[in-house]
Amino acid sequence: MTAASAPVIEFRGVGLTYPGPPPVAALRPCELTIERGEFVAVVGPSGSGKSTFLNIAGLLDGPTSGTYLLDGIDTGALRDADRTALRGRRIGFVFQSFHLLPQRSAVENVTLAMVYNGAPRRDRVPLARRALERVGLGHRIDALPTRLSGGERQRVAIARALVARPSLLLCDEPTGNLDTANAESVLALLEELHADGMTVLVITHDPLVAARAERTVAIRDGVLSDGPEMPETPNTPETPSSEAVA
Amino acid sequence: MKGAIGARSLIRARTPRAAAEHRIPPSVFGWRDVLSESLAGMLQRPARSALTALGTVLGVGTFVAILGLTATASAQIDTRFNALSATEVSIEDVAHEQDEFAGLAFPADADARIGRLHGVEHAGVYWPVRLDPDTPVRSSPVGDGSTGTQSGIDVVAASPGVFAAAGTRLAEGRVYDAYASDQAAPVAVIGAGVAERLGITTLETHPAIFIGSRPFTVTGIVSATDRKADLLLSVVVPRTTAERIWGAPESGGAKMLVSTRLGAATQIAHEAATALRPDHPAYFKVVPPPDPRALRTGVGDDLSRLFLLLAAICLVIGAVGIANTTLVAVLERTGEIGLRRALGARGRHITVQFLAESAALGTLGGLVGTSLGVLTVVTVAAIRDWTPVIHPATAATAPAIGLLTGLLAGLYPAWRAARVEPAEALRR
C-alpha cells in the first residue's frame with residue numbers, strides 16, 4: 001500500500017466552480033486532511049455543497065482548482081481510467097438509497113464489488129460471506145434485498161463497500177432512509193468499524209448522525225470549515241455533546 | 001456540468017506516470033464476468049427477456065423453417081416424375097432453320113443409330129401426316145358417313161421403335177415390326193379411341209381401314225401408353241409407308257422419342273444429335289428432361305423469397321424490440337450503472353455489459369428460433385412422409401444471426417449507458 005503515513009484524504013485548496021454564466025462556486029477552495037483511522041462527519045444543510053464534496057472526495061467528479069491527494073496519490077494527475085480504478089479499489093461507497101440490485105441476493109450484491117478489481121472468482125463468495133458476517137448478516141446471505149429490513153439492506157451495502165478493503169468508507173446520508181432503530185444499528189456498525197481502524201467519512205445533514213463521529217466538518221454555502229465546533233443546528237442534539245466532540 | 005469537465009481537462013495535464021508511480025492496477029471486466037453479468041441480466045427478468053426475444057425467435061424461426069422446407073422439398077424425389085419424365089429425351093428436326101432445302105433430317109436408320117448409344121432403351125421417329133381435309137379415315141372403302149366415316153382422326157407416321165419408347169400396351173394384336181416397316185407395308189396400328197370410333201371391336205376379322213382410298217391392315221389396337229397419350233387417338237403407320245405414299249414430312253414436323261435408363265438422359269441428350277447426323281448435328285434440337293431439382297427450385301423460389309423477406313422483417317422488428325427494451329432498461333438501471341461506476345467500472349465496461357446482455361438476448365432468441373424452425377421442418381416432413389433436410393450451414397448461422405441482431409440492437413443503448421454520469425446516476 002502507498003505510504004501508510006500519508007493521510008487518507010488531503011485537500012489542498014480544492015474547490016469546484018461551475019463556469020457560468022454566472023459562475024457558481026459549489027465548493028470554495030478549502031483545506032482538509034483526514035488521517036487514517038479517523039471517523040469524520042461532514043455536516044451541512046441541503047444545498048450547502050455536500051454533494052459536490054461527496055463527488056470530489058469519491059472521485060466521481062474532479063475539482064476545478066487545488067489538489068486532491070487520496071492515500072498520497074495526486075488524483076488530478078491521473079487519467080480517467082486510473083481514477084476509476086482508484087475509486088473502485090480505495091473507496092467504499094455507502095449510499096442513502098443503498099443501491100442494491102433487487103434481483104440479486106445479499107451475497108451476490110456484495111460480490112459485485114469484486115467484479116471490476118480483478119479478484120479471482122473463486123475467492124469472491126468466501127470474501128463476501130466474511131464481509132456479511134462482519135456486518136452481522138451471516139445468517140441472511142442468500143436473502144434478496146426485498147426481504148431485508150432497511151437497516152439490513154444498508155448493512156449489506158456496507159459489507160459491499162468493505163469487501164474490497166478500501167482505505168476509506170465514504171457514506172452519503174447512510175441513515176437517511178432508515179427509521180430510528182435501523183439508523184441506530186447502522187451507526188453502531190460504523191462506530192464498530194471505526195474502532196477496528198477503518199477510516200470513515202460520513203456526509204449528512206443530520207446533527208444526530210454527525211454527533212456520532214469523532215470529528216465534525218461543517219459545510220455551508222460551499223464553505224468548508226474544518227474545526228471541532230458544531231455548526232448551528234436547528235435543534236439541539238439529544239446525545240451528549242461530549243460524545244460528539246472527541 | 002459539461003463545461004466544467006471540459007475546463008478541467010484543459011487545466012489538467014493527464015500524465016499516466018502518476019498511475020504507474022503508485023501502481024494502481026487497472027479496472028478489469030473479465031470475459032467470464034461479462035458472461036455471467038449478461039446472463040444474470042437476462043435471467044433475472046425472465047418474462048421480459050422472453051418477450052423481448054420473441055421478435056428474434058420469430059425471425060430466426062421463419063428463416064430456418066423456410067430454408068429447411070425449401071431444402072426438404074428440393075431433395076424430395078418424386079419417383080413417378082423420374083421414371084417417366086427423367087428418362088425421356090425428345091429430338092426435334094430443325095433442319096429447315098439451318099437450310100430451307102434440307103429434307104427430313106432423320107436418317108432411315110435413325111432408330112438403330114440412337115439405339116447404339118449407351119443407356120438408350122428405345123427410340124423411334126414419328127411425325128404427323130398432313131392429309132387433305134377431305135381425305136377421310138374410314139373402316140370401309142366407300143361409305144355414306146354412317147358406316148364409320150370419320151374425320152379428325154390423326155394419322156401418325158412412326159418407326160417401330162416409337163411404340164416401345166412410348167411404352168404402349170396393346171389390347172389386341174401386335175405392333176408392326178421392322179420387316180413391315182422395311183417393306184413399307186400398308187399396315188396400321190390404331191389407338192383404342194380410334195378403334196371405337198371406327199367400329200372396330202376385334203382383329204379376328206382382319207379388319208382394314210381406309211385413309212382416303214388406300215387400305216391398311218390393322219395389326220394392333222393400342223389400349224394404353226406411358227408417354228404420347230395422343231397415340232390412343234391416332235392411326236399409326238410405318239414411316240416408310242408414309243414416306244412412300246405421302247412423301248417426307250413438312251419441315252419441322254418430325255420428332256424422335258427416346259426412352260433411356262434412369263440417369264442416362266442428360267448424357268444421351270448430349271450425344272444424340274451427333275449420333276444421328278455426324279455431318280449436320282445442328283439439324284436437331286434435343287430436349288433433355290427437365291432437371292427435377294431445378295424445376296422445383298424454380299417453382300419454390302418466388303414464394304421462399306417472399307418468406308425470407310418476411311423473416312428479415314421479423315428480424316428487424318426483433319432488433320427494434322431488443323433495442324427498445326435495452327434502452328428502457330438503461331434508463332431504468334441508471335442507479336445500477338452509477339453503482340458499477342462507483343465500484344470501479346469504466347465506461348467501456350458498462351458498454352460491454354449492455355452489449356453482452358442484448359447479444360445474449362439475441363442469441364437466446366436465435367437458439368429458440370432455430371429449434372422451432374427445425375421442429376417445423378421435421379413436423380411438415382413427417383406429415384408429408386418426406387425426408388427432412390436442413391443444410392448444416394442454416395442451422396449453424398441462424399443463432400449467429402440472432403446474436404448479430406442483438407449486438408446491433410444493443411449498440412445505441414450501450415452507448416447511452418456508458419455516457420451516464422456516475423455522480424448524476426447515484427443521486428437517484
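A, B, ... follow the sequence lines: proteins, then strands. Residue 1 opens every chain.
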Mind telling me whether A:Phe95 and A:Phe93 have parallel, tilted or perpendicular rings, with 30° and 60° as the class edges? parallel
A:Arg140 side-chain N/O to A:Leu148 backbone N/O, donor-acceptor pair under 3.5 Å: no
Between B:Arg48 and B:Glu332 (salt bridge meaning N to carboxylate O under 4.0 Å), is one present in this structure? yes
Select one option (side chain, backbone, both, neither) describing which atoms of A:Arg89 are under 4.5 Å from chain B's heavy atoms. side chain
Contact listing (chain A partner; residues 345-355 of chain B; heavy atom under 4.5 Å): B:Ala345, B:Arg346, B:His349, B:Gln353
Look at the side chain of A:Asp74 and the backbone N and O of A:Leu69, then say whether any donor-acceptor pair between them is shorter than 3.5 Å. no
Contact part of B:Arg340 toward chain A, heavy-atom cut-off under 4.5 Å: side chain, backbone, both or neither? both
Hey, does the side chain of A:Thr67 reach the backbone of A:Arg12 with a donor-acceptor pair shorter than 3.5 angstrom? no
Looking only at A:Asn117, A:Leu86, A:Leu59, most heavy-atom pairs under 4.5 Å shared with chain B are made by A:Leu86
Salt-bridge criterion met for B:Glu37 and A:Arg104 (N-O under 4.0 Å): yes
Within a strict 4.5 Å, meaning less than it, do heavy atoms of the A:Ile203 and A:Leu170 side chains meet? yes
